[in-house]
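Below: the structure, in structure tokens.
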Amino acid sequence: MANLFDLIYAGSNAVAGLAEGAVNDAIAKHGEEKKLSFPDTAYFSPAIYAATGVKVQQLADLPACIGVLKSLITNNAELGDALNAGLATAVGAEILELLGYIDANPYADGPGIGFVPDSVIRSLGVPLVTGDIPGVAVVLGKADNPEDLAKVVKDYQIKGLLTFLIGDVIDQAAETGVKMGLDYRVIPLGHGITAVIHVVTVAIRAALIFGGLQPGDLPGLLAYTKERVPAFVNAFGPPSEIVVAAGAGAIALGFPVIVDVELGDLQVPGALESVTDHSKIVERSLELRNIKVKAKDINICVGFASAFEGEIIRKADMHAEFYSGSNPTCELVISCDAAEIEGDAIAVIGPDIDGSAPVELPLGILVEVAGAKMHTDFEPVIERKIHHWFNYIEGVMHTGQRNLFRVRVNTDAFNKGFRLRDLGEVIYHEVMDEFGSVVDKCKVTLITEKDKVQQLLETQAMPRYRARDDRLASMTDESVDTYYTCILCQSFAPAHVCVVTPERLGLCGAVSWLDARATKELTPHGPCQPIEKIGCTNERTGAFTEVNKAVKETTRGAVESVTLYSLVEDPMTSCGCFECICGILPEAKGVVVVNREYAGMTPSGMTFGELASLTGGGVQTPGFMGHGRHFIASKKFVAAEGGIGRIVWMPKELKDDIAERLNKTAKDLCGIDNFADMICDETIATEADAVVNFLKSKNHPALAMAEIEF
Ligand code: SF4
Ligand code: NI
Ligand code: CU1
């Protein structure tokens with residue numbers, strides 16, 4: 001074993017020396033007061049911050065970190081000591097990368113993206129907990145055969161894993177035609193081995209964002225990454241000492257390392273293994289982290305995986321388009337009696353897309369489902385999935401919904417033999433697979449004959465859509481007798497639970513009350529459990545004994561009580577993947593609401609990321625609250641503090657998106673016309689004073705309210 005230790009210490013000492021030298025040089029060049037930061041993060045130098053609590057903000061902060069780092073390298077031939085040297089290597093890499101960001105973004109010219117912003121990590125929360133992204137692969141080095149590397153990466157892609165590339169593998173993947181980018185779940189980080197820290201800090205920030213980790217709690221951090229971040233490392237080519245030392249860091253975090261060269265007795269079973277047969281790397285990697293991939297064995301001629309969801313198909317690459325702007329279109333799921341469903345399970349009526357020239361056609365998609373446990377309320381839940389299923393198909397894009405959508409099929413897919421029937425195949429397979437516990441029988445009909453689509457649209461689709469909208473609009477928290485918990489995010493945020501009501505959807509935006517109810521039907525012992533709506537103790541804040549009981553139980557005592565409608569009195573907790581966050585702006589006696597996509601400054605003096613870092617991990621932070629986009633225009637939004645009349649500032653994109661509903665609610669609740677126009681945005685002002693002046697000019701209702709007390 002001495003050999004492995006020698007390698008680790010040689011690598012970690014080398015990185016320590018490089019980092020120390022670079023810090024000294026930087027101080028000599030820029031002076032100690034030079035400011036330092038990674039872009040778009042509220043967590044400073046995340047590895048150092050999480051492990052020690054130190055907030056690195058200027059060069060002067062670094063020499064002490066170098067001291068700590070060196071003290072971690074004992075050169076003792078003990079496994080625990082060697083793992084510490086691995087952690088020291090990670091810290092050294094972080095310092096070297098951080099210094100690279102002085103004055104400019106070293107990754108501006110690509111292809112590596114370098115530091116991963118907080119907002120990206122937050123957006124990964126839901127797909128990670130749902131198993132949509134079943135794991136994280138870190139692929140580094142240089143493969144002796146680029147084709148083998150491409151096979152491994154594409155296999156991860158098909159399986160939905162998120163893959164990070166470091167080193168020459170980036171160019172090798174590009175050469176072999178691997179589709180890269182966040183949308184494809186293959187992310188090139190950088191060519192230098194120190195860029196590996198950028199995936200390490202993704203795991204580390206997950207602990208801070210979702211896990212409620214206190215900075216400085218190193219044992220807590222290591223337990224979190226080991227137990228909750230399903231990551232592993234594949235190293236191609238003979239590893240250098242520095243790669244071995246970095247590998248020790250990965251192992252310390254609980255991420256096994258697989259190398260493709262003979263390691264002989266250097267191997268540490270379960271942690272450091274050699275797999276020289278490239279075709280076995282994926283299987284062994286998944287096994288080591290116990291990653292289960294949902295089998296997608298659909299009988300179509302192109303790939304089908306969540307990794308293709310972000311694929312965009314341009315006009316030039318298009319073989320067929322079904323677009324409501326040019327032709328009648330609709331997608332409709334209806335429940336009926338099993339006896340009413342006749343004929344083949346998949347039917348195509350009208351011309352197919354089999355001509356050699358690109359075509360534009362109408363498209364009516366009718367999905368009939370039957371089952372004893374089927375309920376009309378599940379129709380829209382299934383129908384909305386069509387969007388995702390179509391996007392999972394390699395070479396197919398779907399945007400929009402209902403009667404307003406655009407579906408494109410690219411030439412690649414067409415050349416491989418993809419035809420209309422395959423769209424039906426996908427819907428049929430997925431309905432039976434995902435909704436099999438409520439759907440016993442299913443038939444998918446694809447119609448491309450204009451008259452018949454028009455008829456379907458007018459006689460069946462539009463009336464159904466309208467009826468559903470009416471039902472949704474009439475569905476209030478008062479009109480039901482059951483709310484639901486959602487604990488899906490507990491795999492990352494163990495102390496968090498969402499309470500989902502008709503008017504307040506889960507903070508990720510992905511779980512409405514109907515979704516929660518369907519989830520309960522589909523998986524009776526799953527993440528959504530009913531809460532009987534009894535025991536109201538405060539109508540204003542929305543406090544219920546039964547809600548508190550459920551919250552206390554599901555968080556195992558971590559949270560005792562939450563309210564449904566208050567921002568300051570026992571507000572609902574946040575896991576970290578909220579679509580929006582709201583916070584009090586005392587100067588305006590109102591609240592600021594900001595969405596994850598908005599990267600600029602807010603009047604509270606903080607960005608979304610900085611505001612978001614104040615809440616998360618299932619902790620209650622009175623005055624700050626994560627929530628879904630859709631909740632904002634609801635009559636229940638911060639109702640305990642006065643309702644939507646408190647909203648004084650929002651990013652313009654968010655405001656425009658919800659303006660119609662917001663205006664309607666404001667009219668109904670407070671008799672105000674065009675309320676959205678009274679709300680300030682970044683195109684008007686981002687300084688609190690200027691915001692207040694704007695509000696005065698609009699006679700905004702918040703100014704006349706009492707201050708929000710907490
Ligand atoms: Fe996570 Fe809440 Fe969304 Fe459920 S509803 S997935 S717990 S954020
Ligand atoms: Ni979507
Ligand atoms: Cu979440």
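All ligand and atom numbering here is 1-based and tracks the order in the structure.
Ligand 1 lies under 4.0 Å from heavy atoms of Cys486, Leu488, Cys489, His496, Cys498, Gly506, Leu507, Cys508, Val511, Cys575, Cys577.
Residue-environment remark: NZ (Lys520) exceeds the threshold of 12 foreign heavy atoms within 6.0 Å. Glu287 CD: more than 12 foreign heavy atoms inside a 6.0 Å radius. Remark: Lys226 NZ is loosely packed, at most 12 non-hydrogen atoms of other residues, nucleotides or ligands lying under 6.0 Å away. For Asp470, the CG atom is densely surrounded, since the number of other residues' heavy atoms within 6.0 Å is greater than 12.
If you look at Tyr49 and Phe44, their ring centroids are closer than 6.0 Å. Annotation: Phe637 is in aromatic contact with Phe631 [ring centroid separation under 6.0 Å]. If you look at Phe304 and Tyr392, their ring centroids are closer than 6.0 Å.
The aromatic rings of Tyr224 and Phe492 lie tilted to each other, with the angle between the two planes from 30° to 60°.
A salt bridge links Lys655 to Asp681: one of the charged nitrogens lies within less than 4.0 Å of a carboxylate oxygen.
Around the Cu ion (ligand 3), the protein atoms of type N, O or S that sit closer than 2.8 Å are Cys489 SG, Cys575 SG, Cys577 SG.
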